[in-house]
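Okay, so here's the structure we're looking at.
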Protein chains: 2
Amino acid sequence: MTHPLMEVDGAGLSEQDRRDLIRGVLERIGDKWSVVVICQLGDSTRRFNELRRMSEPITQRMLSATLRGLERDGLVTRTVFDTKPPRVDYALTPRGHTLLEIVRTLAGWAEDNAAGILHSRTAFDAR
Amino acid sequence: MTHPLMEVDGAGLSEQDRRDLIRGVLERIGDKWSVVVICQLGDSTRRFNELRRMSEPITQRMLSATLRGLERDGLVTRTVFDTKPPRVDYALTPRGHTLLEIVRTLAGWAEDNAAGILHSRTAFDAR
DNA sequence: CGGTATCCTCCGGGATACTG
DNA sequence: CAGTATCCCGGAGGATACCG
C-alpha cells in the first residue's frame with residue numbers, strides 16, 4: 001500500500017509541502033490568461049494569431065508568455081512549420097485535455113453562480 | 001427585449017462578456033490564499049486563529065483580506081460571538097460548498113499531475 | 001506571420017506595529 | 001482573540017517598437 005503523502009516523487013511530503021505543490025500548479029491556471037487559452041484550444045489546434053484574436057484583448061507578449069508556460073508544463077504542444085510565411089500550431093496535450101475538463105467545470109460554475117455572486121457583492125458593499 | 005447587463009445567466013452574452021465574467025469569478029480562487037482557506041473550511045467551521053495556523057505561512061493581514069473577499073462573494077459566513085475574549089467563526093455557505101467540490105477536484109488533479117509537470121518543466125528548462 | 005526586447009506602471013502581498 | 005494601519009517592494013502584465 002502506498003501512503004497518500006508519498007505518491008509524488010517517492011519522498012515524504014508534509015501537509016505544508018502538499019499545499020505548496022498544489023499552489024505551484026494552480027498558479028499556472030491562476031494567472032490572467034491560461035484558462036482562456038486552454039479553453040480556446042479545447043476544440044481544435046490553433047495558430048498563434050488565431051488564438052490572439054480569439055483571446056482578445058490579450059497582448060502578443062502575454063499570449064507568447066502564456067503559451068510558453070503551458071508548453072513548459074506539458075499542457076500544450078508547439079509545432080513549427082518551416083514555410084513562408086511561418087506557421088506555428090498549438091494544441092492541448094492529453095494532460096492539457098484532462099485539465100480542460102476541470103476548467104470547463106469551473107467555467108460552468110462561474111457562469112451558474114455569476115448572478116448570485118454579483119448580488120452578494122452588491123449587498124456586501126451596500127454596508 | 002433584454003438589457004445586456006441583465007443577462008447574467010448566460011443566455012445572451014457575447015463570448016467576450018462570458019470570458020470577462022468567468023475571469024472575474026476565477027480571480028477569487030486565483031489569488032494566493034482563497035483556495036487554501038476554502039479547503040481548510042471544507043470539513044468544519046473554524047475560528048480566525050485556527051485558520052491562521054492551518055494555513056501557515058499566511059499572514060494575519062492576508063487571512064483577514066481573503067476571508068473578507070470570500071464573505072463578499074457569499075462563499076463564507078462570518079459569525080461574531082460577543083464574548084470575552086472575542087470569538088469569530090467562519091464557515092462555507094452552500095455556494096461555498098459547491099465551489100469546494102470543484103476546488104478539491106482541482107487539488108486532486110494538481111497532486112496527480114505534479115510529478116509529470118515537474119518532469120516536463122525540467123525537460124523544458126534543460127533546453 | 002509569429003514572435004523578442006524594453007520600458008514602465010500598478011498593486012498583490014509581506015513585515016511590522018498597533019488596537020478594541 | 002481577532003483584527004487594522006502603514007510602509008514598502010517585486011513582479012505580473014500593458015504599451016510600444018523592433019526582428020527573422
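This is a predicted model, so every value here is computed, not measured. All chains are named by letter (A, B, ...) in the order of the sequence lines, taking the proteins before the strands, and each is independently numbered beginning at 1.
- Where A/Pro86 and B/Gly30 each meet DNA chain C at their nearest nucleotide, the meeting point lying more 5' is that of A/Pro86.
- Using modelled atom types and a 3.5 Å distance limit, the side chains of A/Tyr90 and A/Arg46 yield no donor-acceptor pair.
- Between B/Arg47 and the phosphate of D/dA2, there is a side-chain N or O to OP1/OP2 separation shorter than 4.0 Å.
- A/Glu56 is linked by a side chain to side chain donor-acceptor pair (under 3.5 Å) to nothing, counting only residues two or more places apart in sequence or in another chain.
- For B/Trp33 and A/Arg53, each mapped to the nucleotide of DNA chain C holding its nearest heavy atom, the one lying further toward the 5' end belongs to A/Arg53.
- For DNA chain C, the outermost nucleotides in 5' to 3' order that have an atom under 4.0 Å from a heavy atom of chain B are C/dG13 to C/dG20.
- At a threshold of 4.0 angstrom between heavy atoms, the contacts of B/Arg52 with the nucleic acid are absent.
- Inspection of the B/Asp125 and B/Thr122 side chains reveals no N or O donor paired with an N or O acceptor under 3.5 Å.
- Nearest to the side-chain atoms of B/Ser64 among the listed nucleotides D/dT4, D/dA2, D/dG14 stands D/dT4.
- Mapped onto DNA chain D by nearest heavy atom, A/Arg61 and B/Arg87 fall at different nucleotides, with B/Arg87 at the one closer to the 5' end.
- Heavy atoms of A/Tyr90 sit under 4.0 angstrom from primed sugar atoms or phosphate atoms, though from no base atom.
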Could you give the side-chain donor-acceptor pairs of residues 80-88 of chain A under 3.5 Å, partners two or more places apart or in another chain?
from	atom 1	to	atom 2	distance (Å)
A/Thr83	OG1	A/Pro85	O	3.0
A/Arg87	NE	A/Asp89	OD1	3.2
A/Arg87	NH2	A/Asp89	OD2	3.2

